[in-house]
Amino acid sequence: MRLLIKQRVFSWGDTYDIYDEAGNVKYIVKAEIFAFGHQLHVYDANNNEIGQVREKLFTFTPKFEIVMDDIVKGTIIKEWTFFIPKYDIDFNGWHVEGDFFNWNYEVYENGFPIMHINKEILTWGDTYVIDFESSSHELMGVMLVVAIDAANCSKKD
């Protein structure tokens, strides 16, 4: 299973459209314009809010909460490293490792690969392709990619 995440270039704040393999919009992510830090809302194709990615302020490294139904489902913390980006995730035993250029990521659940994230280069705006082992990881995978992109854009690192 595969999704394409494209950041809208000419929009206020971080806005993303997420497409399925057939090219249909499956999710939309919109930022709160006047929020401190990244406050991103995830909507389904019918414009129903289904989740949020919220940056926690006043942290040493970028930290984000994944929220669904007003319940924090997990946090994503960008670890301080010299070269290869790593993220500490306290959701379902997930662990993320990236390559040197922040273009490719592998997501592991209990030591087994469940998702591959590839950042497309030479595109307008940030564009990611996510390959899933299971559709049950889809929504959380989308929120993870949005949080990683926000963490990479953060001035804290």
Tell me which one of His41, Gln39, Gln52 satisfies side chain to side chain donor-acceptor pair (under 3.5 Å) with Glu32. His41

Sorted by chain and number, sequence neighbours left out, side-chain hydrogen bond (donor to acceptor under 3.5 Å, both in side chains) with Glu79 holds for none

Would you say the side-chain atoms of Tyr105 and Asn118 include a donor-acceptor pair closer than 3.5 Å? no

Asp149-Tyr128 side chain donor-acceptor pair, cut-off 3.5 Å: yes

Of all heavy-atom pairs between Ile130 and Phe132, which one has the smallest distance, and what is that distance? CG2-CZ, 3.3 Å

Looking at Ser136 and Ser134, what are the two nearest heavy atoms and their distance? OG-OG, 2.8 Å

Please check: side-chain N/O of Asp20 versus main-chain N/O of Ala22, any donor-acceptor pairing under 3.5 Å? yes

Inter-residue atom distance Arg54.CZ - Phe64.CZ, 0.5 Å rounding: 13.0 Å

Could you tell me if Lys6 sits above the aromatic ring of Tyr19, with its cationic atom closer than 6.0 Å to the ring centre and no more than 45 degrees from the axis? no

With a 4.5 Å cut-off on side-chain heavy-atom distances among I, L, V, M, F, W and Y, is there a chain of contacts connecting Ile148 to Val72? no

Show your reasoning for whether side-chain contact (heavy atoms from CB on, under 4.5 Å) applies to Val42 and Met143. CA-CA 8 Å; Val42 181; Met143 293 170 55; 3.8 Å; yes

CA sep, side-chain torsions, deciding dist, call: Thr61, Ile77, side-chain contact (heavy atoms from CB on, under 4.5 Å): CA-CA 7 Å; Thr61 59; Ile77 302 169; 3.4 Å; yes

Sequence-distant partners of Asp88, side-chain hydrogen bond (donor to acceptor under 3.5 Å, both in side chains), two or more places apart: none

Hits for salt bridge (charged side-chain N to carboxylate O under 4.0 Å, His left out) against Asp90, two or more places apart or cross-chain, chain-then-number order -> none

Side chains of Glu65 and Lys56, heavy atoms from C-beta outward: is any pair under 4.5 Å? yes

Can you establish whether the number of heavy atoms outside Asn24 located under 6.0 Å from its atom CG is more than 12? yes

Is a donor from one side chain sitting under 3.5 angstrom from an acceptor on the other, for Glu97 and His95? yes

Correct closest heavy-atom pair for Asn104 and Lys119 would be OD1-N, 4.3 Å

Consider only side-chain heavy atoms of I, L, V, M, F, W and Y, link residues closer than 4.5 Å, and tell whether Ile28 and Val53 are in one cluster. no

Evaluate the side-chain proximity of Asp17 to Arg8: yes if any heavy-atom separation is below 4.5 Å, no if none is. yes

Evaluate the side-chain contact (heavy atoms from CB on, under 4.5 Å) criterion for residues Met115 and Trp94: first the C-alpha distance (whole Å), next the side-chain angles of each, then the deciding distance (0.1 Å), finally the verdict. CA-CA 10 Å; Met115 186 180 324; Trp94 285 14; 3.7 Å; yes

To check you understand the geometry: which heavy-atom pair defines the closest contact between Ala151 and Tyr87, and what is its length? CB-CE2, 4.2 Å

Is there a chain of hydrophobic side chains (I, L, V, M, F, W, Y, each step under 4.5 Å between heavy atoms) that links Val145 to Leu3? yes

If you measure from NZ on Lys78 to CZ on Phe60, what distance do you get to the nearest 0.5 Å? 12.5 Å

Please determine if Arg2 and Asp131 form a salt bridge, counting it only when a charged side-chain N lies under 4.0 Å from a carboxylate O. yes

Under a 4.0 Å threshold between the charged nitrogen and the carboxylate oxygen, would Lys26 count as salt-bridged to Asp44? no

Please lay out, stage by stage, how Val107 and Ile117 fare under the test side-chain contact (heavy atoms from CB on, under 4.5 Å). CA-CA 8 Å; Val107 181; Ile117 303 165; 3.9 Å; yes

Determine, using the 4.5 Å side-chain heavy-atom cutoff (strictly less than), whether Val67 and Leu144 are members of one ILVMFWY cluster. no

Do Val25 and Ile18 have side-chain heavy atoms sitting under 4.5 Å apart? no

Do Met140 and Met68 have side-chain heavy atoms sitting under 4.5 Å apart? yes

Is there a donor-acceptor pair closer than 3.5 Å between any side-chain N or O of Glu133 and the backbone N or O of Ile114? no

Leu40 and Tyr43: same hydrophobic cluster, using ILVMFWY side-chain contacts below 4.5 Å? no

Do you know the tightest heavy-atom contact between Tyr27 and Leu139? CE2-CD1, 4.0 Å

Evaluate the side-chain proximity of Ile5 to Thr127: yes if any heavy-atom separation is below 4.5 Å, no if none is. no

Straight-line distance of Glu106 CD to Asp99 CG, nearest 0.5 Å: 9.5 Å

